[in-house]
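First the structure, in the form of structure tokens, and then the observations on it.
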Amino acid sequence: MRGKTVYVLNGPNLNLLGQRERAVYGEATLQDVEQRCRAHAAGLGLEVVFRQSNNEGELIGWVHEARDKAAGIAINAGAYTHTSVALHDALRAADLPSVELHLSNVYKREAFRHTSFIAPVVNGVICGFGVDSYVLAISALSALITASKKG
Ligand code: CA2
């Protein structure tokens, strides 16, 4: 049901979580992240559609789909965060409550990760808390959805 569904979208290379670069991204696999998201969302009365793609166009298609099927979007766009005008345009057009999130604190890292093409078109950004960034993003999304229903 649209009003209770949130899309949690994951961009390129996040399928490798828990397998490589554990010092940067932690031990959890993407499947572990999905389970954490589902459990946390259930406690808030929300259902999760959880997806990952290495393809920019597929991510954009899911943002379009969310417009009709979801109450909000949490997105870790991976490296597309720092490059994608197309994702910026899609999120702006979706016009849903939305949160950008990152596992790592991108501001402690290379300068090219300090720019987000997505941040200007989402409600807020969460980064640097590992898998908890997903949990925090879902909590924020839940509050945004509740507030948008009242408005
Ligand atoms: O910190 C994040 O969540 C990022 O979105 C992760 C992206 C990175 O490009 C962003 O700047 C910050 C990279 C995801 C790649 O994930 C990997 C996981 C394991 C091994 C290799 C890559």
Side-chain angles (χ1 to χ4, degrees), residues 5-44 46-67 69-145 148:
T5 302
V6 293
Y7 274 35
V8 179
L9 301 180
N10 296 277
N13 297 310
L14 285 160
N15 54 308
L16 300 177
L17 274 185
Q19 298 170 38
R20 305 197 206 132
E21 298 209 47
R22 292 190 194 94
V24 181
Y25 298 116
E27 304 278 328
T29 65
L30 195 62
Q31 212 178 354
D32 297 331
V33 175
E34 179 174 352
Q35 280 172 8
R36 282 283 305 276
C37 287
R38 287 193 191 288
H40 185 68
L44 296 166
L46 295 170
E47 282 168 24
V48 169
V49 170
F50 190 95
R51 295 190 185 146
Q52 186 274 333
S53 179
N54 295 320
N55 180 313
E56 189 177 13
E58 192 163 34
L59 289 162
I60 290 163
W62 292 338
V63 171
H64 294 169
E65 184 184 299
R67 173 105 181 90
K69 297 193 174 167
I73 300 173
I75 182 164
N76 181 354
Y80 289 144
T81 305
H82 318 298
T83 63
S84 180
V85 176
L87 263 178
H88 168 112
D89 289 345
L91 284 162
R92 191 175 54 181
D95 195 27
L96 285 172
S98 54
V99 177
E100 171 186 337
L101 73 104
H102 301 282
L103 293 154
S104 63
N105 180 349
V106 287
Y107 299 102
K108 276 177 136 175
R109 303 182 64 195
E110 303 96 323
F112 64 80
R113 296 186 204 276
H114 299 178
T115 300
S116 169
F117 281 61
I118 294 169
V121 291
V122 294
N123 292 90
V125 180
I126 293 166
C127 73
F129 298 98
V131 181
D132 287 345
S133 290
Y134 284 78
V135 169
L136 293 165
I138 288 170
S139 287
L141 208 45
S142 173
L144 287 167
I145 292 164
S148 73

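One is the number of the first residue; the rest follow in order along the sequence. Read the numbers this way: they start at 1 and go in the same order the structure lists the ligands and their atoms.
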Practice task
Consider only side-chain N and O atoms of Gln52 and Asn54, and report whether a donor and an acceptor are under 3.5 Å apart.
Solution key: yes
Problem - Close residues, ligand 1: non-hydrogen atom nearer than 4.0 Å - result: Pro12, Asn13, Leu14, Leu16, Leu17, Arg20, Glu21, Tyr25, Asn76, Gly78, Ala79, His82, His102, Leu103, Ser104, Val106, Arg113
Handout entry: N-O pairing of Arg51 and Glu34 below 4.0 Å
Key = no
Problem - Arg22: partners by side-chain contact (heavy atoms from CB on, under 4.5 Å), with sequence neighbours left out - result: Glu27
Practice task
Check salt bridge (charged side-chain N to carboxylate O under 4.0 Å, His left out) between Asp32 and all other residues, then give those that pass, not counting sequence neighbours.
Solution key: none
Handout entry: Trace of the side chain to side chain contact (heavy atoms under 4.5 Å, CB included) decision for Arg109 with Asn105
Key = CA-CA 7 Å; Arg109 303 182 64 195; Asn105 180 349; over 6 Å; no
Ignoring hydrogens and angles, write down the donor-acceptor pairs under 3.5 Å from the side chains of residues 126-139, residues two or more places apart or on other chains.
unit_1: Asp132; atom_1: OD1; unit_2: Arg36; atom_2: NH2; d: 2.8
unit_1: Ser133; atom_1: OG; unit_2: His102; atom_2: O; d: 2.8
unit_1: Ser133; atom_1: OG; unit_2: Phe129; atom_2: N; d: 3.1
unit_1: Ser133; atom_1: OG; unit_2: Gly130; atom_2: O; d: 3.3
unit_1: Tyr134; atom_1: OH; unit_2: Asn10; atom_2: OD1; d: 2.5
unit_1: Tyr134; atom_1: OH; unit_2: Asn76; atom_2: ND2; d: 3.3
unit_1: Ser139; atom_1: OG; unit_2: His40; atom_2: NE2; d: 2.7
unit_1: Ser139; atom_1: OG; unit_2: Val135; atom_2: O; d: 3.4

